[in-house]
K.L.:
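Let me give you the structure first, and then I'll get to my questions.
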Amino acid sequence: AQRVTQPEKLLSVFKGAPVELKCNYSYSGSPELFWYVQYSRQRLQLLLRHISRESIKGFTADLNKGETSFHLKKPFAQEEDSAMYYCAPLQVSQKLVFGQGTRLTINP
Amino acid sequence: GAVVSQHPSWVICKSGTSVKIECRSLDFQATTMFWYRQFPKQSLMLMATSNEGSKATYEQGVEKDKFLINHASLTLSTLTVTSAHPEDSSFYICSATWGGLAGGNEQFFGPGTRLTVL
């Protein structure tokens with residue numbers, strides 16, 4: 001079964017500092033991976049997907065097949081980045097498998 | 001675009017009663033809808049996958065007779081919690097997708113429904 005691990009339940013950094021939210025997955029083949037974000041009192045929403053190779057709100061995520069990782073990074077954290085972040089690989093059946101999530105807090 | 005709504009946003013019911021939760025895609029036709037359950041401070045757990053016009057596919061450990069799912073149209077799926085008990089109290093979230101590569105495999109999430117069973 002496909003698994004995803006987000007080793008940090010909580011992550012706290014200061015505004016302006018770099019941020020890295022870790023995600024490791026177990027999957028054979030070419031996975032499609034997503035990062036979803038949930039801001040306070042809002043619904044879950046897509047942040048970015050690896051196939052797009054895009055930067056959203058300053059965040060990027062590179063798929064490293066050798067390390068089976070899909071870490072989310074941002075060079076300079078902002079207070080509005082405080083949220084719950086979920087890494088989610090897509091199964092062949094079109095189902096998302098959510099990691100346990102990392103609560104990111106940006107301190108002023 | 002791509003808005004998903006859920007109704008009700010919260011519900012309180014007595015033990016033994018049934019509760020229906022609706023999930024609607026407001027501005028697109030959803031070929032597939034998903035139902036998740038989220039316990040406090042935990043991640044989303046997929047309960048079932050619902051395709052329009054066919055029976056839902058339930059995840060292992062999810063009782064299909066307990067959680068009835070109907071996806072009668074491309075914009076509406078319902079989850080009915082039958083004979084609810086306090087342990088069914090949770091946050092239920094639906095998502096919808098128009099599916100496949102054309103839709104980018106993105107799921108659009110509803111705001112969730114808080115169920116409390118007394």
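All heavy atoms count here, side chains included; hydrogens, waters and symmetry mates do not. In what follows, chains are A, B, ... by sequence order, proteins preceding strands, each numbered from 1.
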K.L.:
Check each atom of B/Leu44 against the heavy atoms of chain A and say whether the ones under 4.5 Å are side chain, backbone, both or neither.
P.N.:
both

K.L.:
Using 0.5 Å steps for rounding, measure from the CG atom of A/Leu46 to the CZ atom of B/Phe108.
P.N.:
7.5 Å

K.L.:
Given heavy-atom pairs under 4.5 angstrom as the criterion, report whether the side chain, backbone, both or neither of A/Phe98 touches chain B.
P.N.:
both

K.L.:
May I ask whether B/Met45 and A/Met84 are part of the same hydrophobic cluster, defined by side-chain heavy atoms of I, L, V, M, F, W, Y residues being less than 4.5 angstrom apart, directly or through others?
P.N.:
no

K.L.:
Please answer: with hydrophobic residues joined when any side-chain heavy atoms are less than 4.5 Å apart, are B/Leu46 and B/Leu79 in the same cluster?
P.N.:
no

K.L.:
Going hydrophobic residue to hydrophobic residue with side-chain gaps under 4.5 angstrom, can you get from B/Trp35 over to B/Phe91?
P.N.:
no

K.L.:
More than 12 non-hydrogen atoms from neighbouring residues, nucleotides or ligands closer than 6.0 Å to NZ on A/Lys15, yes or no?
P.N.:
no

K.L.:
Can you tell me if A/Arg43 has over 12 outside heavy atoms packed within less than 6.0 Å of its CZ?
P.N.:
yes

K.L.:
Hey, could you give me the OH/NZ distance between B/Tyr36 and A/Lys95, rounded to the nearest 0.5 Å?
P.N.:
9.5 Å

K.L.:
Would you give the length of the straight line joining atom CD of A/Gln91 to atom OG1 of B/Thr49, rounded to the nearest 0.5 angstrom?
P.N.:
9.0 Å

K.L.:
Under a 4.5 Å heavy-atom cut-off, does chain A meet the side chain of B/Gln107, its backbone, both or neither?
P.N.:
both

K.L.:
Using a cut-off of under 4.5 Å on heavy-atom pairs, state which of A/Leu90, A/Val97, A/Leu96 scores highest against chain B.
P.N.:
A/Leu96

K.L.:
Taking a hydrophobic cluster as the set of Ile, Leu, Val, Met, Phe, Trp and Tyr residues connected by side-chain heavy atoms closer than 4.5 Å, whether directly or through intermediates, do A/Tyr39 and A/Phe59 fall within one such cluster?
P.N.:
yes

K.L.:
Quick one: CD on B/Gln42 to NZ on A/Lys9, what's the gap to the nearest 0.5 Å?
P.N.:
7.5 Å

K.L.:
Check for me, please, whether A/Tyr86 and A/Val4 land in the same ILVMFWY cluster - side-chain distances under 4.5 Å, paths through other members count.
P.N.:
no

K.L.:
By a 4.5 Å heavy-atom criterion (distance strictly below it), what part of B/Gln6 contacts chain A: side chain, backbone, both, or neither?
P.N.:
neither

K.L.:
Tell me whether B/Ser43 contacts the main-chain N or O of A/Gly99 through its side chain, where contact means a donor paired with an acceptor under 3.5 Å.
P.N.:
yes

